[in-house]
Protein chains: 2
Amino acid sequence: MAVTLGQVARHAGVSLATASRALNGSARTVGDGLAARVRASADELGYLPNAPAQALARASTATIGVLLHDIADPYFGALAKGATDTAADAGLLTMVLNTGGDPEVELRCIRMLHAQRVRAIVLAGSGYTDPGATAAIDAALSLYRAEGGAVTAVSDHGDGYDTVLPDNRGGAAALTRALLDLGYRRPAVIAGPERFRVSAERLAGVADALAEVGLTMDQIRVEEAEFSRAGGRGAVGRLLDGAAGGRDRDQGRPDVVLALSDVCAVGVLAELRKRGIDVPGGIAVAGFDDIPLAADLAPALTTVRMPLLQMGAEAVGLALGRQDDGPSGPVRTLRLPVEPMLRASTGTP
Amino acid sequence: MAVTLGQVARHAGVSLATASRALNGSARTVGDGLAARVRASADELGYLPNAPAQALARASTATIGVLLHDIADPYFGALAKGATDTAADAGLLTMVLNTGGDPEVELRCIRMLHAQRVRAIVLAGSGYTDPGATAAIDAALSLYRAEGGAVTAVSDHGDGYDTVLPDNRGGAAALTRALLDLGYRRPAVIAGPERFRVSAERLAGVADALAEVGLTMDQIRVEEAEFSRAGGRGAVGRLLDGAAGGRDRDQGRPDVVLALSDVCAVGVLAELRKRGIDVPGGIAVAGFDDIPLAADLAPALTTVRMPLLQMGAEAVGLALGRQDDGPSGPVRTLRLPVEPMLRASTGTP
DNA sequence: CAACCGTTGGAAAGCGCTTTCCAGCACTGG
DNA sequence: CCAGTGCTGGAAAGCGCTTTCCAACGGTTG
């Protein structure tokens, strides 16, 4: 059915080899006249190379894979945008796979991408605390790398991987410091799920800043929540209900809720609105990530700006660099600064 | 480097054919004993099938392609989520390509996906008013379909394509009607770019509803804006500046701005906030799409709910159905109802 | 018991391309 | 004038699979 290179070659009256060299790029060059004739034939017949066949013959595809929790999540959406655009600029196609943050699914996805012989795999939001999950994934990845695949991680996935590393800990510390400077003294934290490393990193940053004013994590409430709107709603609910039970209502109630991801913070805002608690008057709220709509929420969300597009782009960049360097080059870590953004949800400074 | 089927076959002491049949699914069955031996060898050696080679031999891949404007846009993000998850459930991988809404880019993307021999192409936000652009794209698509590819569109892309068709026109009419019912009488519209068909559909819906109360489109201001926050900001700026120039400030100023996409509405809200105009007190605002965060904006955005996840999922479903039906089956159009969501940005009803 | 089945395993022919290797050619320089 | 040199084009050998064929075999049937 499809037009093959062979048909183009016959139509142009040249050999298969010549047609291949003329059309699909090769070290060898083809005489001008012949090349033009081949191209003309290809156009006339509407030839489109068969990418799987090329991949087989070349032992290399023009695709990369991106693993993330959920493409509809604005955090990962921005990351994916940066990655896909950079890949497209390099002439590569991108397969996007949702893992739902489940290491088992991630493992299966890695195997699929390996089977596809993608050139590179970008891991976003990988990095689990469970050693078993990590081990299985690392094993699959090292098989993949042994065959020439490049792997890069966005945020820490472990040593040995080229990594784009936003300063989660430093950012959390800076944000916390800023909140303390604003006068908040009874912070509560909504942390990400313990199974993700990034949760601990951000929590550590909060602890760093608290320590500077003589506070410890024991003295504040920490609730865990999934990285989702619903997770944030539930967590702040537990926070408030727990607080109300304990002692005097205003005493136990935090004066600022620090949600360590913006999507959670969105849920926090929604729940507080539903309960009729003013933000920031009653309780202030801060998030983390600076997803695109953070500044447009009600009220505008104080958060930590992550350079999401850049992170996605650099992750692909690192992978492409690895292709050139070969697998034995030094592991690269690209540290990216982050910046607290103070907005209305924590009151005007 | 990589473990091949041949190695597995040798290790298990069977032929290539048997190994293939045992491992990678086939009409033919293999004796239980042999099959087990082959699977054991495959596990032991860590065999992963070479997908490009399979694709070549089978003349069919396990991938689909999704074309959209911008994966970071929440509208397309949700669509993509529905599509990728449905594809994954069917054992398919998804390539996501950003076209930026540019027909030229879209054309190149279609060719790339065709070259990849993806099973299906989902077009989201395609559908241009420029006949030239449409013709080129249709030509590329019909070549693709001639070789067995399935194409489905989300929103109208033209006849002859399986289509998931949300009721853009009806939704716009229903929303407009609702605004009129709330008492708004000087609506202004921020329409999408004329080059997209969907813009005209939604505009037509607005006209439908206006006609019911004896208004025509001539009597209201319509500004065009890109589907983006910046587009919305600019458009509402032009709207207000133009209005102020003409006549009495409150006379010329609209009482409600109907942005025909939520991302534009976000920009509208931002610009009005910056100008110190209260929403909905000074001017009410409505959007379209009901992107995930629409209800969390400041103020919560009145809009038209589109079943985005479902749309993405159904689009893939239609494509898979087409695979089974063959190219000559009847063209399917799946009409999906939409629903106005009245929220704070247009005042409490 | 011979002719005939339905099964199951293997040999081998591709799938559409890339890339080695070789042949032919027109030039150089000694 | 001929061996040597650089190019260019073509023949053919794969790349790792799937899938026809074909052969062998145990089991029916008349």
Side-chain angles (χ1 to χ4, degrees), chain A residues 1-39 41-42 45-63 112 114-119 147-149, chain B residues 1-39 41-42 45-63 112 114-119 147-149:
Chain A
M1 191 93 242
V3 179
T4 69
L5 231 208
Q7 296 175 36
V8 174
R10 202 174 323 129
H11 185 272
V14 301
S15 75
L16 236 194
T18 303
S20 170
R21 295 197 266 248
L23 291 179
N24 298 332
S26 144
R28 291 254 325 244
T29 120
V30 169
D32 293 346
L34 274 197
R37 225 164 72 211
V38 173
R39 276 193 299 271
S41 294
L45 300 180
Y47 170 72
L48 275 178
N50 183 313
Q54 288 186 311
L56 180 56
R58 290 182 176 150
S60 133
T61 61
T63 58
M112 293 189 78
H114 184 167
Q116 291 291 327
R117 285 359 187 222
V118 296
R119 282 225 199 131
E147 288 171 23
Chain B
M1 191 93 244
V3 179
T4 69
L5 231 207
Q7 295 175 35
V8 174
R10 201 172 325 128
H11 185 272
V14 302
S15 75
L16 235 195
T18 303
S20 170
R21 295 197 266 249
L23 292 178
N24 299 331
S26 145
R28 291 262 317 251
T29 120
V30 169
D32 293 347
L34 276 196
R37 227 163 72 209
V38 173
R39 276 194 300 270
S41 294
L45 300 181
Y47 170 72
L48 275 178
N50 183 314
Q54 288 186 311
L56 179 57
R58 291 183 176 150
S60 134
T61 61
T63 59
M112 293 188 77
H114 185 167
Q116 291 292 327
R117 292 341 192 233
V118 295
R119 281 227 198 130
E147 289 171 24

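Proteins come first, then strands; the chains are lettered A, B, ... in the order of their sequence lines, and each starts at number 1. The shown structure was predicted, so the numbers you read here are calculated from the model rather than taken from an experiment.
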Which atom pair, heavy atoms only, marks the closest approach of B:Val3 to A:Glu147?
-> N-OE2, 4.3 Å

Please tell me which of B:Arg21 and A:Arg58 maps to the more 5' nucleotide of DNA chain C, matching each residue to the nucleotide holding its nearest heavy atom.
-> B:Arg21

Output side-chain donor-acceptor pairs under 3.5 Å for residues 45-57 of chain A, partner residues at least two apart or in another chain, one line each.
unit_1  : atom_1 : unit_2  : atom_2 : d
A:Asn50 : OD1    : A:Ala53 : N      : 3.0

With nearest nucleotides of DNA chain C determined for B:Thr18 and A:Ala57 from heavy-atom distances, which residue corresponds to the more 5′ nucleotide?
-> B:Thr18

What nucleic acid atoms does A:Pro49 come within less than 4.0 Å of, heavy atoms only: base, sugar-phosphate, or nothing?
-> sugar-phosphate

Distance-only donor-acceptor hits, side chain of residues 7-23 of chain B, under 3.5 Å, sequence neighbours excluded:
unit_1  : atom_1 : unit_2  : atom_2 : d
B:His11 : ND1    : B:Ser41 : OG     : 2.8
B:Ser15 : OG     : B:Ala17 : N      : 3.3
B:Ser15 : OG     : B:Thr18 : N      : 3.2
B:Ser15 : OG     : B:Thr18 : OG1    : 3.1

For B:Thr4, side chain to side chain donor-acceptor pair (under 3.5 Å) partners two or more places apart | none

For the helix from C:dC1-D:dG30 to C:dG30-D:dC1, measure the angle between the helix axis at one end and the axis at the other, each built from five pairs, rounding to 10°.
-> 50°

All heavy atoms of A:Arg58 vs all of A:Gly25, minimum pair found to be NH2-O, 4.3 Å

So where does chain A start and stop touching DNA chain C, 5' to 3', when the test is distance under 4.0 Å to a non-hydrogen atom?
-> C:dG16 to C:dC21

Sugar-phosphate only, base, or nothing, as touched by A:Ala59 at under 4.0 Å among non-hydrogen atoms | nothing

Contacting residues from residues 26-38 of chain B, given that a heavy atom lies under 4.0 angstrom of DNA chain D | B:Arg28

Atom pair CG (B:Asp32) and CZ (B:Arg37), whose distance is rounded to the nearest 0.5 Å | 13.0 Å

